[in-house]
2 protein chains.
Amino acid sequence: MVPRIPVSVDLVVLTVRFQALCALVWRRDKPPYEGRWALSGGFIHLDEDLPAAAERILAERAGLPGAPVHLEQLQTYGYPDRDPRQRVLSVAYLGLAPDLPASTEAHMSWQPVSSLLREMAFDHRRIMVDGIERARGKLEYTPLGAAFCPPEFTVAELRRVYEIVWGRVLDPRNFHRKVTKAEGFLVPTGDTTTRDGGRPAKLYRRGPATMLHPPMLRSLKD
Amino acid sequence: MVPRIPVSVDLVVLTVRFQALCALVWRRDKPPYEGRWALSGGFIHLDEDLPAAAERILAERAGLPGAPVHLEQLQTYGYPDRDPRQRVLSVAYLGLAPDLPASTEAHMSWQPVSSLLREMAFDHRRIMVDGIERARGKLEYTPLGAAFCPPEFTVAELRRVYEIVWGRVLDPRNFHRKVTKAEGFLVPTGDTTTRDGGRPAKLYRRGPATMLHPPMLRSLKD
DNA sequence: CAAATAGTGTCTGTGAGACAGTATGTC
DNA sequence: GACATACTGTCTCACAGACACTATTTG
């Protein structure tokens, strides 16, 4: 007969926080991988669509109900031994979130990804690394860098997102020119803020564009 | 209890053939969707990794054992009603192949994708369209256009691949300059061919590059 | 005033698009 | 020879990177 397999949805939720790229994780308190960090995840229900399952797990397990998180399917991980208890197929979703408080009730916390690389359960390191690489690419050819920002943000705040996700410093003047000239990327609100000090900076919201032409290529250096 | 779901792997295998982008499909001979075209697919075995399942289905169901087909995971499709008989989760793989003979034994045939858009079973049209879009993007920033070519090919043959996949004519001289200058894309074999008529064209193999810097952007027109 | 950050302008090199011209095969 | 295709070269415009300068706030 046809083999049936348990299917879970795991979330790589990323944010930029305290000058670092962070992922939303929880610390496992029982075997296997006791004490290691794990992504939020859960089994899909029998009559549940995959995007609906991802939304449900974002709300229930990740503790971010209704939060403005961009969710997209990342990849599916299925080699038989990835969970030592039983075979589980995992459909991973990538989430890009602004700097929200982590839910203590759900026992979730934001941890810098650099500190997680050696401390994760199952194959969650691999899933997280794939998610980070996807996010880096998305910043090149979509306006999704703004998904890491609050609803209204300055060009400098957006630039710091790019710098932290790409791990490279960008020229503020050239960056400003690129993002303000990109069609549909930023919409000025008319307001300004001085929360970063210095001269008041204009505030923007995300524009209607879904793709950037031309893309914001990270240079070929390094 | 944990719900268990049948999981299949479906293949979107594409090639360029007779001046058209074609997909490898078979015609269903029983309900549901009798008479419609379908992608090759099959259920994964209990102890089988996903890439291994994709290779097996390429060999057994698609009738292309050992063929030089570039396979990569595309996306996972899981809404509950996609198969009217029972819920099946489908992990789709994208395959890029040179112009190989389709296996009559496996009842497969190459059909132009333009003729398939209204004639496919299940959600296979959606899966195929996603695969085509992925292939179009891959041609921009990877050297995978060569995966549609025989082991040795000319610049003009590669250009026709790009033209057909992107659905747009390209300037032969600018294309030649771009691909021959792209580091690691093409390796000259030293031989030439006159199979296209006219002056003999140099033959190339795929080079070691996995990414193109800078990418071969399709222009923003249309 | 100094200090800090925001924003504009200019120069330069690279590369894409457009297109002319030359090279080398077949018939 | 005509013809077909391969390949090289040149011009121009757009844009990315580098960097100087001005603008507007706080203390």
Side-chain angles (χ1 to χ4, degrees), chain A residues 19 139-141 145 149 152-163 166 168-205 209 211-222, chain B residues 19 139-141 145 149 152-163 166 168-205 209 211-222:
Chain A
Q19 307 290 342
L139 259 55
E140 289 194 308
Y141 58 92
C149 296
E152 301 196 353
F153 54 89
T154 68
V155 171
E157 288 164 352
L158 182 63
R159 175 169 49 83
R160 279 187 277 277
V161 164
Y162 274 79
E163 290 181 332
W166 284 351
R168 112 180 6 175
V169 292
L170 300 173
D171 184 285
R173 298 153 296 187
N174 293 334
F175 183 85
H176 189 281
R177 182 182 55 198
K178 267 208 281 198
V179 296
T180 51
K181 282 195 179 170
E183 190 73 23
F185 194 169
L186 301 181
V187 177
T189 65
D191 291 335
T192 60
T193 181
T194 56
R195 62 190 177 214
D196 292 329
R199 172 176 168 180
K202 290 180 188 156
L203 283 168
Y204 296 88
R205 297 180 187 279
M211 301 292 280
L212 294 182
H213 280 291
M216 312 255 309
L217 297 178
R218 4 173 199 178
S219 70
L220 11 163
K221 298 174 195 168
D222 99 332
Chain B
Q19 308 290 344
L139 259 55
E140 291 194 307
Y141 57 92
C149 296
E152 300 195 353
F153 55 89
T154 69
V155 171
E157 288 164 351
L158 183 63
R159 174 168 50 82
R160 279 188 278 275
V161 165
Y162 273 79
E163 290 181 332
W166 284 351
R168 115 181 2 177
V169 292
L170 300 173
D171 184 283
R173 300 155 294 190
N174 294 334
F175 183 85
H176 190 281
R177 182 181 57 198
K178 267 209 278 197
V179 295
T180 52
K181 281 193 178 170
E183 190 72 25
F185 194 168
L186 300 181
V187 177
T189 66
D191 291 336
T192 61
T193 181
T194 57
R195 61 190 176 214
D196 291 329
R199 172 175 168 180
K202 290 180 188 158
L203 284 168
Y204 296 87
R205 297 179 186 280
M211 302 293 278
L212 294 183
H213 281 291
M216 311 255 310
L217 297 179
R218 2 172 201 180
S219 70
L220 12 162
K221 299 172 194 168
D222 99 333

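Below, read A as the first sequence line, B as the second, and so on, with proteins coming before strands; counting in each chain starts at 1. Just the heavy atoms: all of them, side chains too, but no hydrogens, waters or symmetry mates, feed the values below.
Between Leu186(A) and Tyr204(A), the closest heavy-atom pair is CB-CD2, 3.6 Å. The minimum heavy-atom distance between Leu203(A) and Glu152(A), with the atom names listed, is CD1-OE1, 3.6 Å.
The CG-C1' distance, from Leu170(A) to dA16(D), rounds to 12 Å in whole Å. Across the protein-nucleic acid pair, Arg218(A) atom CZ and dG17(D) atom P stand 13 Å apart, rounded to whole Å. Per the geometry, CG belonging to Leu158(A) stands 18 Å off P belonging to dT5(C), to the nearest Å. Computed from coordinates, the Leu217(B) CG to dT14(C) P distance equals 19 Å when rounded to whole Å. Atom P of nucleotide dT24(C) and atom CZ of Arg195(B) are separated by 21 Å, given to the nearest angstrom. One atom, CE of Met216(B), and another, P of dT14(C), lie 20 Å apart when rounded to the nearest Å.
Within 4.0 Å of Lys178(B), counting heavy atoms only, lie sugar-phosphate atoms of the nucleic acid but no base atom.
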Find every protein N or O atom lying less than 3.5 Å from an N or O atom of nucleotides 5-11 of chain D, and list the pairs.
unit_1, atom_1, unit_2, atom_2, d
dT5(D), O2, Arg199(B), N, 3.3
dA6(D), N3, Arg199(B), NH1, 2.9
dC7(D), OP1, Lys202(B), N, 2.8
dT10(D), O4, Arg177(B), NH1, 3.3

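Annotation: side chain of Arg218(A) is in contact with side chain of Glu140(A) (closest heavy-atom distance under 4.5 Å).
With rounding to the nearest 0.5 Å, the separation of NE2 in His176(A) from CG in Leu170(A) is 14.0 Å.
Under the rule for a side-chain contact (heavy atoms from CB on, under 4.5 Å), the partners of Arg177(B) that lie at least two apart in sequence or sit in another chain are Asn174(B), Lys181(B).
Legend: salt bridge (charged side-chain N to carboxylate O under 4.0 Å, His left out) pairs involving residues 189-203 of chain B, not counting sequence neighbours, sorted by first then second residue: Glu157(B)-Arg195(B), Arg160(B)-Asp196(B).
If you find the closest nucleotide of DNA chain D to Asp171(A) and to Pro215(A), the one lying nearer the 5' end belongs to Pro215(A).
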